[in-house]
Amino acid sequence: MGTRLDSPEAQAAEVTERLFETYPNTTISLDFSNRLELLIAVILSAQCTDERVNKETKDLFATYESAAEYANAPQEELAEALSSITYYNNKAKYIREASEIIVSEHGGQVPDTMSELTELPGVGRKTANVVLQHGHEVVEGVVVDTHVQRLTRRLGITEAHSPQKIERELMELLPREGWQDFTHLCISHGRETCTARNPDCSECVLEDICPSSKLDSETDLASNEAW
DNA sequence: ATCCCGAGGG
DNA sequence: CCCTCTGGAT
């Protein structure tokens with residue numbers, strides 16, 4: 001108990017297999033109906049729950065329907081519409097300025113390459129990876145968000161801290177066809193069980209292979225008492 | 001008090 | 001590397 005498999009590859013594979021049984025249909029939980037809406041929803045999701053983003057984008061997407069409309073909207077008007085979202089001033093600015101570039105340089109269409117996406121203000125590797133995967137069906141990297149970062153570290157799959165380094169390691173450890181699923185498995189498990197504050201290790205299907213399990217002392221005590 | 005599918009700037 | 005942006009839920 002409380003150990004992990006002998007290599008990061010084996011650990012990652014076992015984690016994937018077990019979480020797949022637990023969350024067989026996990027996928028993106030942001031609401032969107034086109035690539036522009038996807039891009040905006042992902043920008044808004046930074047340090048904010050998807051549930052809240054979905055709540056606010058319902059009206060937003062009904063009000064603005066093209067990159068040109070976002071580009072021409074007064075920033076204060078956008079910020080007001082986003083006022084219950086984290087960092088709403090920054091995000092209103094990102095959305096408006098990214099939309100300007102999408103109109104002026106990409107014919108009003110959300111670009112489909114990593115370099116073009118990350119040139120947009122407010123779009124880093126994480127956001128670009130999500131847009132590529134779910135908007136363009138291009139899997140160029142592994143989406144490393146706060147859940148993937150927390151779980152891979154707790155599980156002993158990586159010891160890196162920066163999302164960029166964790167992504168590079170995961171790209172080495174995981175088969176490419178599993179990159180997209182791995183992210184959503186981590187997110188689902190991170191929300192339901194392996195939470196940031198009080199992880200519910202007693203209900204965790206990975207408890208016996210998790211070096212961070214807080215049940216170690218209890219388990220040892222129980223096995224001692226059994227004798 | 002901490003955390004949420006981060007990114008930009010210093 | 002550090003800091004800031006930021007409201008709602010717990």
Side-chain angles (χ1 to χ4, degrees), chain A residues 19 23 25-32 35 37-60 75-76 78-101 111 114-136 139-155 157-158 160-168 170 174 178-200 212 214:
Chain A
L19 290 183
Y23 314 99
N25 298 314
T26 184
T27 185
I28 187 167
S29 54
L30 292 167
D31 294 339
F32 63 96
R35 289 166 179 161
E37 290 185 359
L38 171 62
L39 173 64
I40 290 168
V42 182
I43 289 174
L44 293 178
S45 71
Q47 295 297 297
C48 191
T49 60
D50 285 6
E51 192 179 357
R52 172 147 300 277
V53 172
N54 290 336
K55 196 173 174 183
E56 303 303 324
T57 52
K58 193 176 178 187
D59 284 341
L60 187 74
Q75 198 169 300
E76 312 79 58
L78 274 178
E80 172 64 23
L82 303 175
S83 60
S84 69
I85 304 272
T86 51
Y87 316 143
Y88 54 86
N89 280 316
N90 283 344
K91 290 173 179 177
K93 184 180 165 87
Y94 294 152
I95 289 169
R96 212 190 58 71
E97 292 179 352
S99 296
E100 282 183 345
I101 296 174
M114 177 64 74
S115 61
E116 289 174 315
L117 282 166
T118 52
E119 280 173 20
L120 301 174
V123 180
R125 256 199 89 85
K126 182 261 171 181
T127 300
N129 268 325
V130 176
V131 171
L132 286 172
Q133 292 184 11
H134 296 280
H136 298 283
V139 181
E140 205 171 296
V142 181
V143 173
V144 178
D145 73 331
T146 183
H147 295 291
V148 176
Q149 183 177 28
R150 183 177 69 254
L151 266 70
T152 52
R153 287 180 50 77
R154 280 182 178 169
L155 288 163
I157 294 172
T158 182
H161 290 270
S162 83
Q164 290 76 11
K165 187 166 185 187
I166 293 174
E167 181 183 356
R168 272 184 260 121
L170 289 175
L174 299 167
W179 290 356
Q180 192 167 336
D181 288 328
F182 185 81
T183 296
H184 294 298
L185 294 172
C186 286
I187 292 170
S188 292
H189 197 56
R191 285 177 179 159
E192 294 196 20
T193 303
C194 194
T195 51
R197 270 179 282 195
N198 276 310
D200 190 0
S212 305
K214 62 186 182 187

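Chain identifiers are assigned alphabetically (A, B, ...) following the order of the sequence lines, protein sequences preceding nucleic acid strands; residue numbering begins at 1 within each chain.
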Partner residues of [X] under the side-chain contact (heavy atoms from CB on, under 4.5 Å) criterion, sequence neighbours left out:
X	value
A/Arg154	A/Arg150, A/Cys194, A/Pro199, A/Ser212
A/Lys165	A/Ala160, A/Ser162, A/Arg168, A/Glu169
A/Glu167	A/Arg125, A/Asn129, A/Val142, A/Val144, A/Met171

Whichever of A/Cys48 and A/His161 has its nearest DNA chain C nucleotide further upstream toward 5':
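The 5'-side residue here is A/His161.
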5' precedence on DNA chain C between A/Asn89 and A/Ser162 (nearest-nucleotide basis)
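Taking each residue's closest nucleotide, the earlier one in sequence belongs to A/Ser162.
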Mind listing the side-chain donor-acceptor pairs of residues 184-192 of chain A below 3.5 Å, one per line with the distance, residues two or more places apart or on another chain?
residue  : atom : partner  : partner atom : Å
A/His184 : NE2  : A/His134 : NE2          : 3.0
A/Ser188 : OG   : A/Thr26  : OG1          : 2.6
A/Ser188 : OG   : A/His184 : O            : 3.1
A/His189 : ND1  : A/Tyr23  : OH           : 2.7
A/Arg191 : NH1  : A/Ser29  : OG           : 3.1
A/Arg191 : NH2  : A/Ser29  : OG           : 3.3
A/Arg191 : NH2  : A/Asp50  : OD2          : 3.0

Which is the 5'-most and which the 3'-most nucleotide of DNA chain C that has an atom under 4.0 Å from a heavy atom of chain A?
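With heavy atoms of chain A under 4.0 Å away, the range is C/dC5 to C/dT10.
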Tell me, please, which residues at least two apart from [X] pass side chain to side chain donor-acceptor pair (under 3.5 Å).
X	value
A/Lys91	A/Thr86
A/Asp181	none
A/Glu116	A/Thr113
A/Gln180	none

Covered region of DNA chain B, 5' end to 3' end, by chain A [heavy atoms, under 4.0 Å]
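Extent of the interface on DNA chain B: B/dT2 to B/dG8.
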Can you tell me how far P in C/dT4 sits from the matching atom in B/dC5, rounded to whole Å?
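It comes out at 24 Å once rounded to the nearest Å.
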Contacting residues from residues 38-46 of chain A, given that a heavy atom lies under 4.0 angstrom of DNA chain B
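Nucleic-acid contacts, sorted: A/Ser45, A/Ala46.
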Give the stems involving DNA chain C, where a stem is 3 or more consecutive Watson-Crick or G-U wobble pairs (i with j, i+1 with j-1, and so on) under 3.5 Å.
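As far as DNA chain C goes, consecutive pairing (with distances under 3.5 Å) yields the stems B:1-4 with C:7-10, B:6-10 with C:1-5.
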